[in-house]
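The structure under discussion appears below in the form of structure tokens.
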Number of protein chains: 2
Amino acid sequence: MTDDLAFDVFARGCASRVTLEHVTGRWGSLTLGALYEGSFRFNELRRRVDGVSEKMLAQTLHALERDGLVHRDAQPVNPPRVDYRLTPLGRDVAERLVGLITLVEGRMPEVVAAREAYDSGRAAPAG
Amino acid sequence: MTDDLAFDVFARGCASRVTLEHVTGRWGSLTLGALYEGSFRFNELRRRVDGVSEKMLAQTLHALERDGLVHRDAQPVNPPRVDYRLTPLGRDVAERLVGLITLVEGRMPEVVAAREAYDSGRAAPAG
DNA sequence: CAGTATCCTGCAGGATACTG
DNA sequence: CAGTATCCTGCAGGATACTG
């Protein structure tokens, strides 16, 4: 019974699935990664989050803000100035995310070796 | 300078980006989560990974196997029997993934509260 | 600057049928 | 059982133009 918990928790936990997708999704993870470095304005983020479009960055930031991971600080000046930064919750999440990323990064030699073994096994099967 | 490292590492590290997407993607994360519980056959996994199609499970397992995260054990019997389980590398990655998931799961009350605050702020702005 | 609105397209991924 | 092959569709997400 107990060994089902860890899995069930994210296979069925629908509300958290949505948040998890915001966190681990392509733009979500990159945005959290960028904000882990500090506070940035919208267009600074656009430059940091390589390849993101205006639309997707806006959409991503809304999702993360709504989930309480990112704080949006809009200063009532002209021209507008809006700063984004992680909330304490966002920082905790980003920390774990960066930990996962760092682990995978550090193990890429193993991954690359596995890929080569896999590909050569396929190219010349059974030998 | 040093504060750029953690971010650059995954913004630009293309090879790892691909692996990261396998790990954090919808079916990849669920499959790793399932295999974190133990070893399973193809159709057992289909039942455990809720909502996955044959095609996507096959595709996901290939990617994870090629990355060296999952081991495929095909026994030469009839009818065929194939067991999938995590490699040591896969286990390390799944551990961090489950850690991230567990963190988000545990903090969902905060997320839900943030959403309610966000939504009511939108419904009745400035108040 | 910090976005929103609209249009459009490629491809993730589902459904279905078939195979060793 | 453990897949592969084919067809098809919805929507993620890009491009472009516009706004407070």
Side-chain angles (χ1 to χ4, degrees), chain A residues 11 17-32 34-35 38-67 70-85 118 121-122 125-126, chain B residues 11 17-32 34-35 38-67 70-85 118 121-122 125-126:
Chain A
R17 268 286 284 279
V18 173
T19 300
L20 245 342
E21 270 163 31
H22 295 159
V23 170
T24 61
R26 186 176 183 195
W27 302 125
S29 60
L30 289 172
T31 302
L32 288 175
L35 289 171
S39 173
F40 296 103
R41 302 174 68 171
F42 187 83
N43 281 305
E44 286 175 336
L45 276 174
R46 271 203 71 189
R47 269 169 257 125
R48 290 218 146 212
V49 178
D50 199 67
V52 74
S53 63
E54 279 179 300
K55 181 185 164 184
M56 290 317 296
L57 182 57
Q59 192 171 304
T60 300
L61 286 169
H62 282 148
L64 295 176
E65 187 195 354
R66 182 166 182 269
D67 284 343
V70 164
H71 177 73
R72 179 177 183 276
D73 182 21
Q75 291 157 56
V77 296
N78 201 295
R81 175 179 179 111
V82 181
D83 286 277
Y84 291 93
R85 74 182 111 88
Y118 184 90
R122 291 253 145 168
Chain B
R17 267 288 283 279
V18 173
T19 300
L20 245 342
E21 270 163 29
H22 295 159
V23 170
T24 60
R26 185 176 182 195
W27 301 125
S29 62
L30 288 172
T31 302
L32 289 175
L35 289 172
S39 172
F40 296 104
R41 304 174 65 172
F42 188 83
N43 282 303
E44 287 176 335
L45 277 174
R46 271 204 71 190
R47 269 170 257 125
R48 290 218 146 214
V49 179
D50 199 69
V52 75
S53 64
E54 279 178 301
K55 181 186 164 184
M56 288 318 294
L57 182 57
Q59 192 171 303
T60 299
L61 286 169
H62 282 148
L64 295 176
E65 188 196 353
R66 182 166 182 267
D67 284 344
V70 164
H71 178 73
R72 179 177 182 275
D73 182 19
Q75 292 158 55
V77 296
N78 200 295
R81 176 179 179 110
V82 181
D83 287 277
Y84 292 93
R85 74 181 113 87
Y118 183 91
R122 290 251 145 170

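Every chain is numbered from 1, with letters handed out A, B, ... down the list of sequences. It should be emphasised that the depicted structure is a prediction, and the values quoted were computed from it without experimental measurement.
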Discussion item. If I take atom CG in residue A/Leu45 and atom P in nucleotide C/dA2, what distance separates them, rounded to the nearest angstrom?
Written reply: 10 Å
Fill in: salt bridge (charged side-chain N to carboxylate O under 4.0 Å, His left out) involving A/Glu21 - partner list, sequence neighbours excluded
A/Arg17
Discussion item. Does the protein touch nucleotides 14-20 of chain C at the base, only the backbone, or not at all? Give it as B, S and - per nucleotide, heavy atoms under 4.0 Å.
Written reply: BB-B--B
Give the table of side-chain donor-acceptor pairs shorter than 3.5 Å for residues 75-83 of chain A, with sequence neighbours excluded, one pair per line with atom names and distance.
residue, atom, partner, partner atom, Å
A/Gln75, NE2, A/Asp83, OD2, 3.0
A/Arg81, NE, A/Asp83, OD2, 3.1

Worksheet entry | Value rounded to 0.5 Å, distance of CG in B/Leu30 from CG in B/Leu45 | 11.0 Å
Worksheet item: Can a side chain N or O of A/His62 be found less than 4.0 Å away from OP1 or OP2 on C/dT4?
Response: yes
Item to complete: Quick one: list whatever passes side chain to side chain contact (heavy atoms under 4.5 Å, CB included) with B/Thr60, sequence neighbours left out.
Response: B/Trp27, B/Thr31, B/Leu64
Worksheet entry | Whole-Å gap separating C1' (D/dT4) and CZ (B/Phe42) | 10 Å
Discussion item. Just verifying a value: how many Å separate A/Arg48 CZ and A/Leu35 CG, rounded to the nearest 0.5 Å?
Written reply: 9.5 Å
Worksheet item: Which whole-number value in Å describes the distance from B/Gln59 CD to C/dA12 P?
Response: 8 Å
Response to the item:
B/Phe40 CZ to D/dA2 P, in whole Å, measures 13 Å
Discussion item. Is there a side-chain contact between A/Arg41 and the phosphate of C/dG3, meaning an N or O under 4.0 Å from OP1 or OP2?
Written reply: no
Worksheet entry | Partner set under side-chain hydrogen bond (donor to acceptor under 3.5 Å, both in side chains) for B/Arg26, not counting sequence neighbours | none
Worksheet, complete the sentence: Output for pair (A/Arg72 CZ, A/Phe42 CZ), nearest 0.5 Å, gives 10.0 Å
Worksheet item: OP1 or OP2 of D/dG3 sitting under 4.0 Å from any side-chain N/O of B/Arg72?
Response: yes
Discussion item. Under the criterion side-chain contact (heavy atoms from CB on, under 4.5 Å), I'd like the reasoning laid out for A/His62 against B/Tyr118: C-alpha separation, chi angles, the key distance, then a yes or no.
Written reply: CA-CA 10 Å; A/His62 282 148; B/Tyr118 183 91; 3.7 Å; yes
Response to the item:
Rounded to whole Å, the CZ-P distance (A/Arg46 to C/dG3) equals 12 Å
Practice prompt. Would you give the length of the straight line joining atom CE of A/Met56 to atom CG of A/Leu61, rounded to the nearest 0.5 angstrom?
Written response: 10.5 Å
Discussion item. Measuring to OP1 and OP2 of C/dA2, would you say a side-chain N or O of A/Arg81 lies under 4.0 angstrom away?
Written reply: no
Practice prompt. Could you check how far CZ of A/Arg47 sits from C1' of C/dG3, rounded to whole Å?
Written response: 15 Å
Discussion item. Five pairs per end, C1' atoms only: what is the angle between the end axes of the helix from C/dC1-D/dG20 to C/dG20-D/dC1, to 10 degrees?
Written reply: 50°
Worksheet item: Would you say C/dC1 has OP1 or OP2 under 4.0 Å from some side-chain N or O of A/Tyr84?
Response: no
Practice prompt. Using whole Å, report how far CG of A/Leu61 lies from C1' of C/dT4.
Written response: 14 Å
Worksheet item: Between A/Asn43 (CG) and C/dG3 (P), how many Å, whole number?
Response: 9 Å
